[in-house]
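Read through the structure below, which is laid out as structure tokens, and then see the notes.
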Amino acid sequence: MRDSSPPSFFSRFCTSALRAKPLSNSPDVVRINSGEGLVRRLGPFDLILLGIGASIGAGIFVVTGTVARDAGPGVTISFALAGASCVLNALCYAELASRFPAVVGGAYLYTYTAFNELTAFLVFTQMMLDYHIGAASIARSLASYVVNVFELIPFLKHNIPDWIGHGGKEIFGFISINLLAPVLLVILTLVLCRGVGESSLVNTIMTTTKIIIVVVVIIVGAFEVDDSNWSPFAPNGFKSVLTGATVAFFAYVGFDAVANSAEESKRPQRDLPIGIIGSLVICIALYIGVCLVITGMVPYKFLGDDAPLAQAFKSKKLNFVSILISIGAVAGLTTTLLVGLYVQSRLYLGIGRDGLLPAVFSRVHPTRHTPIQSQIWVGFIACLLSGFLNVHLLSHVLSVGSLAGYSVVAACVISLRWKDDIGNRISSTTLVLSHRHEGIICIVVVACCGFCGGILFRFLVSPLAYISIVIPVSIAVLATVSLRFRQEQRDAPGFSCPWVPAVPSLCIFVNIFLFAQLHYEAWVRFVVLSIVAVGVYAFYGQYHANPVTDREAVTYQKAPDEEAL
């Protein structure tokens, strides 16, 4: 007699956690639980501006000076190395965005498809905390810059209380009232709720403004460069340059926003790779130009931490350029914040559709075609954090989620190259699982080697001791070679990441190497949040996850063809 007893909690948890998400191969269909699809309105130009808008903000107006204080003129190399690292990540994102252009979700979606449900939920929670804290921090910085602009008016100078925009005095070490930051967040949230057309228009205007200002800054500053300020180029050695690259890395992460705009792209399979790679290349050029100018204008030791660009031009008596920089900073931070809020709402939309969070996040307004409930929730969290907390205290636990998420995305590229062909040619389930498990072990080995190499680089002090880093590098190379023999498909449909698995493996190694350079608090946050996420999934997500069926397929509302216009 067959045993009809219900499965145990642990067995159900394991079964649910290992589920993967099947997706339609059609770029025009999305499977959702409720509501309607988003509207396709974004072309390649809009996507490039979206990526630039997410990247060119605090990084170019603040971080350049912060890194230069340690790396000297070598900050240029720091941003070049960080840009090269992000190119690797962008190539992986471009392939996956081309493979699955029909739905929102970004890294979460790719992980759900290539690996399993629990890993996807962990990626979502880690990256979402980065987005929440980052949005609150940017909102505070934007409020401060807005107050600085208002103080250009004589009768307002020194008459605006700190609690309005700069942040009031700290209470208990972490509470600091800021009134303007939540107000700005409410305004941007309302813009996003009105629709992608309106938010794209705001982003286009603001991003174009700051690009023009940055180009003007580079051209004007080039005439004030004294090349003697570039010597020595790396006064504190190459280690400080490489450490600076770990900070500069996070100034380029706007390509994730492009990947999350899949449902609103007109021709996603073609336009998403253009938007991802095109925006990154432009950002690299702008960052390198600004770094060369400010380190050539002023000795790196005299660059300020808060507003290095403005201070550099003030030192040359070019006050009108300083005013332009303040305006550019407001525009830059506005677009960065706008795109950040946009990305967060789309991620909540994707995970709400899958049932891992309450269904309210999956609803799309029937006329605005925007996820208003998700957008309001994202704005509410950002308002709370920016209005009452000194979020700068949390800045050192940022980016751990992004680095982990990008590493998983690179692993997805390798994994999906196995799945597409091997399932059609090998009927033995045991053999397929064994093949995948061996590949996953190789990926884990590459990641562990990256972490070990990063730890060695961080704590070794003797130049000869750096030779020991060759050991984890060599093991990672052997694991990558092993992965190459398990690759069953040469090219992916649509855009194809070159040199797979070498490029994704290098991407994983570099990301985890940078992960090892983060503060200890970031590692603790990673572990604690992962435990909390597993608990949420165990007691809510696994019971409400909603496997989709063909009956729930919904066709997108498309923009008119260009030929018809």
4.5 Å side-chain heavy-atom contact, [X] and [Y]:
{"X": "Leu47", "Y": "Leu272", "result": "yes"}
{"X": "Val298", "Y": "Ile294", "result": "no"}
{"X": "Thr295", "Y": "Asn229", "result": "no"}
{"X": "Lys301", "Y": "Arg69", "result": "no"}
{"X": "Leu324", "Y": "Val217", "result": "no"}
{"X": "Ser141", "Y": "Ser144", "result": "no"}
{"X": "Ile440", "Y": "Phe115", "result": "yes"}
{"X": "Leu347", "Y": "Met128", "result": "yes"}

Check whether any side-chain N or O of [X] sits under 3.5 Å from a backbone N or O of [Y] as a donor-acceptor pair, and report yes or no.
{"X": "Ser240", "Y": "Ala71", "result": "no"}
{"X": "Thr335", "Y": "Asn203", "result": "no"}
{"X": "Glu224", "Y": "Val220", "result": "no"}
{"X": "Ser407", "Y": "Leu403", "result": "yes"}
{"X": "Arg140", "Y": "Leu389", "result": "yes"}
{"X": "Gln517", "Y": "Gly454", "result": "yes"}
{"X": "Asn236", "Y": "Asp70", "result": "yes"}
{"X": "Asn116", "Y": "Thr119", "result": "yes"}
{"X": "Thr336", "Y": "Gly53", "result": "yes"}

What's the shortest heavy-atom distance between [X] and [Y], and which atoms?
{"X": "Leu280", "Y": "Ala90", "result": "CD2-CB, 3.6 Å"}
{"X": "Leu341", "Y": "Val378", "result": "CD2-CG1, 3.6 Å"}
{"X": "Leu122", "Y": "Ala533", "result": "CD2-CB, 3.6 Å"}
{"X": "Ile138", "Y": "Leu337", "result": "CG2-CB, 3.9 Å"}
{"X": "Ala107", "Y": "Val409", "result": "CB-CG2, 3.5 Å"}
{"X": "Ser78", "Y": "Ala245", "result": "O-CB, 3.5 Å"}

Can the ring centroids of [X] and [Y] be said to lie less than 6.0 angstrom from one another?
{"X": "Phe526", "Y": "Phe515", "answer": "yes"}
{"X": "Trp523", "Y": "Phe451", "answer": "yes"}
{"X": "Tyr93", "Y": "Tyr406", "answer": "yes"}
{"X": "Phe320", "Y": "Phe313", "answer": "no"}

Using a 6.0 Å cut-off, check whether atom CZ of Phe45 has over 12 heavy atoms from anything other than its own residue.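 It does not: Phe45 CZ has 12 such atoms or fewer within range.
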Would you say that more than 12 heavy atoms from the other residues, nucleotides or ligands in this model lie under 6.0 Å from the CZ of Phe459, or not?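 Above 12, so yes.
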Once you round to the nearest 0.5 Å, how far does [atom1] of [X] lie from [atom2] of [Y]?
{"X": "Cys448", "Y": "Ile443", "atom1": "SG", "atom2": "CD1", "answer": "12.0 Å"}
{"X": "Phe513", "Y": "Ile455", "atom1": "CZ", "atom2": "CD1", "answer": "9.5 Å"}
{"X": "Thr207", "Y": "Asp46", "atom1": "OG1", "atom2": "CG", "answer": "10.5 Å"}
{"X": "Ile213", "Y": "Ile56", "atom1": "CD1", "atom2": "CD1", "answer": "12.5 Å"}
{"X": "Ile288", "Y": "Ile77", "atom1": "CD1", "atom2": "CD1", "answer": "8.0 Å"}
{"X": "Met206", "Y": "Thr334", "atom1": "CE", "atom2": "OG1", "answer": "4.5 Å"}

CA sep, side-chain torsions, deciding dist, call: Arg417, Glu95, salt bridge (Lys or Arg N to Asp or Glu O under 4.0 Å): CA-CA 11 Å; Arg417 294 291 183 98; Glu95 172 170 324; 2.8 Å; yes
Residue from Leu91, Ile414, Leu96 passing side-chain contact (heavy atoms from CB on, under 4.5 Å) with Cys497: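 Answer after filtering Leu91, Ile414, Leu96: Leu91.
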Identified side-chain contact (heavy atoms from CB on, under 4.5 Å) partner of Val446 from the options Ile441, Leu478, Ile512, Ile508: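 Looking at Ile441, Leu478, Ile512, Ile508, the match for Val446 under the side-chain contact (heavy atoms from CB on, under 4.5 Å) is Ile508.
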Can Val123 and Tyr110 be said to form a side chain to side chain contact (heavy atoms under 4.5 Å, CB included), step by step? CA-CA 10 Å; Val123 167; Tyr110 309 148; over 6 Å; no
For side chain to side chain contact (heavy atoms under 4.5 Å, CB included), just list the numbers for Leu50 and Tyr342, CA-CA rounded to whole Å, side-chain angles, deciding distance to a tenth of an Å, and then say yes or no. CA-CA 10 Å; Leu50 188 70; Tyr342 166 90; 4.2 Å; yes
Side-chain donor-acceptor contacts of residues 468-476 below 3.5 Å, not counting sequence neighbours, with atom names and distances?
from: Ser468; atom 1: OG; to: Ala465; atom 2: O; distance (Å): 2.6
from: Ser474; atom 1: OG; to: Val470; atom 2: O; distance (Å): 2.7

Pair Ser386-Asn178, side chain to side chain contact (heavy atoms under 4.5 Å, CB included): steps then yes or no: CA-CA 7 Å; Ser386 65; Asn178 188 310; over 6 Å; no
With distance as the sole criterion, is a donor-acceptor pair present between the side chains of Asn89 and Asn511 under 3.5 Å?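 Checked: Asn89/Asn511 side chains pair up, N/O donor to acceptor below 3.5 Å.
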Stepwise, does the side chain to side chain contact (heavy atoms under 4.5 Å, CB included) test hold for Val75 with Tyr300? CA-CA 10 Å; Val75 63; Tyr300 73 95; over 6 Å; no
Parallel, tilted or perpendicular: which one describes the rings of Tyr287 and Tyr252, with boundaries at 30° and 60°?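 Taking Tyr252 first and then Tyr287, their aromatic rings stand perpendicular (interplane angle over 60°).
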By salt bridge (charged side-chain N to carboxylate O under 4.0 Å, His left out), which residues pair with Asp130, not counting sequence neighbours?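 For Asp130 the salt bridge (charged side-chain N to carboxylate O under 4.0 Å, His left out) partners, ignoring immediate neighbours, are Arg525.
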